[in-house]
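What follows is one structure encoded as structure tokens, with my remarks underneath.
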Number of protein chains: 2
Amino acid sequence: MAGIRAAQKEKTRRALIQAAMNQLSAEHGYASLSLREVAREAGIAPTSFYRHFQNMEELGLTLVDEGGLTLRQLLRQSRQQIAKGGSIIRASVTTFMEFVNNNTAIFRLLLQEKSGNSREFRMAVAREVEHFTSELEDYLVDEQKFTRELAELQADAIVRIVFSVGADALDADNKERQRLTEQTIHQLRIIARGAEATRTAAIPTEQAVRRQQ
Amino acid sequence: MAGIRAAQKEKTRRALIQAAMNQLSAEHGYASLSLREVAREAGIAPTSFYRHFQNMEELGLTLVDEGGLTLRQLLRQSRQQIAKGGSIIRASVTTFMEFVNNNTAIFRLLLQEKSGNSREFRMAVAREVEHFTSELEDYLVDEQKFTRELAELQADAIVRIVFSVGADALDADNKERQRLTEQTIHQLRIIARGAEATRTAAIPTEQAVRRQQ
DNA sequence: ACTTTAAGTGAACACGTGTACGCTCAATTT
DNA sequence: AAATTGAGCGTACACGTGTTCACTTAAAGT
């Protein structure tokens, strides 16, 4: 009843997940992950793998879930930073970049499977990104008093840009990463101005838009 | 001297490229492309493959190049549409979405290898995207009289959003695709307004920015 | 104490993979 | 006409893959 058995099982399950994480790298993605190699690194026989996951796919989906979880935990940190009175935009971008920096393997997994070859994977990642977007959207509605519609457009654009920049950051050195961060902050501020202009001056701004076609 | 030999070689080379293209699909990406299957579909022996490409990697890079080429040809079409006096934003977005629609396999290849496991591939795709961005940037400087700096920020943001939307479009039905298109147009207009506000009212806008932190 | 359950094992299978090697034989060059 | 070149072929090899099956052996349930 001590659950020593269940505990051991959970332990090797974690070992498998950890082993899979370790094998993910810039050169070696989930697609080329091998059951046998993962089992070897986890210290169990290849066949024992099936006691924990039905498929490699199931393992992969678990990794995606954990990645999304980490990402959302990060979001909360970011909000705390905002509460302390910093700039939302700067805080969000820098914490996101830190996430990419500290969880390279997991971010790369999310990124690759976002446009990968398994529909189920793509949808799992899409779900995580949607969480991300909708929390940002809620923030824009609640704290910044944007309309739902405008908040949705803004949040969606921001998340797209930030994820895309995160992807570039994977291959960048520190200096380039810094440049990307500052660039992104500028871009998000442009979007903020645009959204602001859209809500505060809906009619006059239409002319400005027409002016540039 | 008729070059009948060279012609034949080029022909089977095209056959290999075409075969590779055909095997690319939502479920079966470049990573899991097999030399033997490609050779089989091209109608040659597996070993003959090496008469044309040193590696599968070399074939892959060829595919990326061709994809980028197609993409830039498309850009030109898009400009023609603009010259005819439509909205730049609408024209660009719709032609891009059409490209994704008509060249699904090639766009997916670009997208996957953009964050794929071969550094060489990633850089090849990055180069293509940069072409895309810098042409848009030039347009914004030349035709819309933005400063270089502001044009760069704008172009970069736009391309990131558009590629990201293109990715989503791959899994979308026609109705959803239409929604994505309209949403993107709105988003790019917000960016246009933001950029406009930034250049016309650099100082007052700072306050607006501070207001939303 | 006896039975059941289930995590972990090891051997074996069938299969697809990339690629090295030596060959053919038609197009090209000399 | 003779020599050379090179695209394409068939065989063979060594290897890693996922998965099956019948097993051991402790923990958990009775």
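Lettering of chains follows the sequences in order, A, B, ..., and the numbering in each one begins at 1. Note that the coordinates shown come from a computational prediction; the quantities given were computed from them, not determined experimentally.
With rounding to whole Å, B:Phe53 atom CZ is found 17 Å from C:dG18 atom C1'. Across the protein-nucleic acid pair, A:Glu57 atom CD and D:dG18 atom P stand 14 Å apart, rounded to whole Å. In this entry the distance linking NZ of B:Lys11 with C1' of C:dA26 reads 16 Å, nearest Å. One atom, CZ of A:Arg14, and another, P of C:dA7, lie 17 Å apart when rounded to the nearest Å. In this structure, B:Leu33 atom CG and C:dG16 atom P are separated by 16 Å, rounded to whole Å. What separates CZ of A:Phe49 from P of D:dT17 is a distance of 13 Å, to the nearest Å. Separating the CD atom of A:Glu37 from the P atom of D:dT19 is a distance of 15 Å, rounded to the nearest angstrom. In this structure, A:Arg13 atom CZ and C:dA6 atom P are separated by 17 Å, rounded to whole Å.
You'll find the ring centres of A:Phe146 and A:Tyr139 outside the 6.0 Å limit.
Between A:Glu137 and A:Arg148 there is a salt bridge, since at least one side-chain N of the basic residue sits less than 4.0 Å from a carboxylate O of the acidic one. The pair A:Arg177-A:Asp173 does not meet the salt-bridge criterion, since no charged nitrogen lies less than 4.0 angstrom from a carboxylate oxygen. The existence of a salt bridge linking B:Arg108 and B:Asp171 is excluded, since no basic side-chain nitrogen approaches an acidic carboxylate oxygen closer than 4.0 Å.
For the pair A:Asn55 (side chain) and A:Glu58 (backbone), a donor-acceptor distance under 3.5 Å is absent.
Partner of A:Arg72 under the salt bridge (Lys or Arg N to Asp or Glu O under 4.0 Å) criterion, chosen from A:Glu135, A:Glu128, A:Glu66: A:Glu128.
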Sugar-phosphate or base contact per nucleotide [nucleotides 4-14 of chain D; S, B, -; heavy atom under 4.0 Å]: -BBBBBBBB--

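Residue A:Ser34 places no side-chain N or O under 4.0 Å from the OP1 or OP2 atom of D:dG16.
Residues B:Ala6 and B:Gln54 each lie close to DNA chain C; by heavy-atom proximity, the contact nearer the 5' end of the strand is made by B:Gln54.
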